[in-house]
Amino acid sequence: MDYKKYGFQILSALIVGFLFGLGLIFSGMTQPQKVISFLDILGNWDPSLMFVMLAAIPVHFLTFKLIVNKPSPLLDVKWHYPTNKEITKPLIFGSLLFGIGWGLGGYCPGPAMASLGSGALNVILFLISMTFGMWLFGRLNKKFHFKR
């Protein structure tokens with residue numbers, strides 16, 4: 001194992017995670033009430049988070065196009081991104097569960113992790129619930145072998 005390269009991987013993950021977390025905090029995505037107001041299109045709708053998403057899509061599109069043709073990332077031997085383009089029942093079911101959890105809690109995994117430093121009980125409960133859901137999926141997947 002190349003410990004120097006592994007150290008750079010961890011350092012780059014920390015820096016990128018920190019920047020991502022700052023972006024989530026500054027954009028308001030770590031505020032559950034703001035997220036719930038964004039999702040409440042039939043009530044008191046707050047469209048401000050739509051601008052965050054609309055700004056992120058072109059940035060991702062351009063950077064992904066720039067790097068995807070490279071043989072490997074700088075600090076790894078291969079890319080780690082999903083290549084399956086099939087829409088399966090587990091994907092639809094999982095997406096629905098994700099959306100329901102997002103709508104009920106006002107958090108998705110990234111903002112919840114960025115909010116962990118606040119020590120708020122709702123964040124901790126969300127992360128415990130999310131971890132339990134991931135564990136439960138792992139158990140069910142071993143039994144039913146979901147096609148993902």
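The first residue of the sequence shown is numbered 1, and numbering continues consecutively from there.
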[X] to [Y] - nearest heavy-atom pair and separation:
X	Y	result
Pro32	Gly105	CB-O, 3.6 Å
Val123	Ser118	CG2-OG, 4.2 Å
Ser48	Asp46	OG-OD1, 2.9 Å
Leu54	Pro58	O-CD, 2.8 Å
Ser27	Val52	CB-CG2, 3.6 Å
Gly110	Leu24	C-CD1, 3.5 Å

[X] with [Y], same ILVMFWY side-chain cluster at under 4.5 Å:
X	Y	value
Met134	Leu127	yes
Leu49	Leu42	yes
Ile100	Ile36	no
Tyr81	Ile67	yes
Val16	Phe64	no

If you define the side chain from C-beta out and look only at heavy atoms, does anything of [X] sit under 4.5 Å from [Y]?
X	Y	value
Trp79	Val68	no
Ile124	Leu116	yes
Phe98	Pro109	yes

Tell me whether the count of non-hydrogen atoms from other residues, nucleotides or ligands lying under 6.0 Å of [atom1] in [X] goes above 12.
X	atom1	answer
Ile87	CD1	no
Leu136	CG	yes
Ile41	CD1	no
Phe61	CZ	no
Met53	CE	yes
Asp2	CG	yes

Can you measure from [atom1] ([X]) to [atom2] ([Y]) and round to the nearest 0.5 angstrom?
X	Y	atom1	atom2	value
Ile92	Leu97	CD1	CG	12.5 Å
Gln33	Asp40	CD	CG	9.5 Å
Leu62	His60	CG	NE2	10.0 Å
Ile10	Leu75	CD1	CG	11.0 Å
Gln9	Asp76	CD	CG	5.0 Å
Ser115	Met29	OG	CE	10.5 Å

Handout entry: Working for side chain to side chain contact (heavy atoms under 4.5 Å, CB included), residues Tyr107 and Asn122
Key = CA-CA 10 Å; Tyr107 289 110; Asn122 61 342; 3.7 Å; yes
Exercise for the section: Test side chain to side chain contact (heavy atoms under 4.5 Å, CB included) on Trp45 and Met50 and set out the steps. Expected result: CA-CA 11 Å; Trp45 187 47; Met50 183 169 46; 3.9 Å; yes
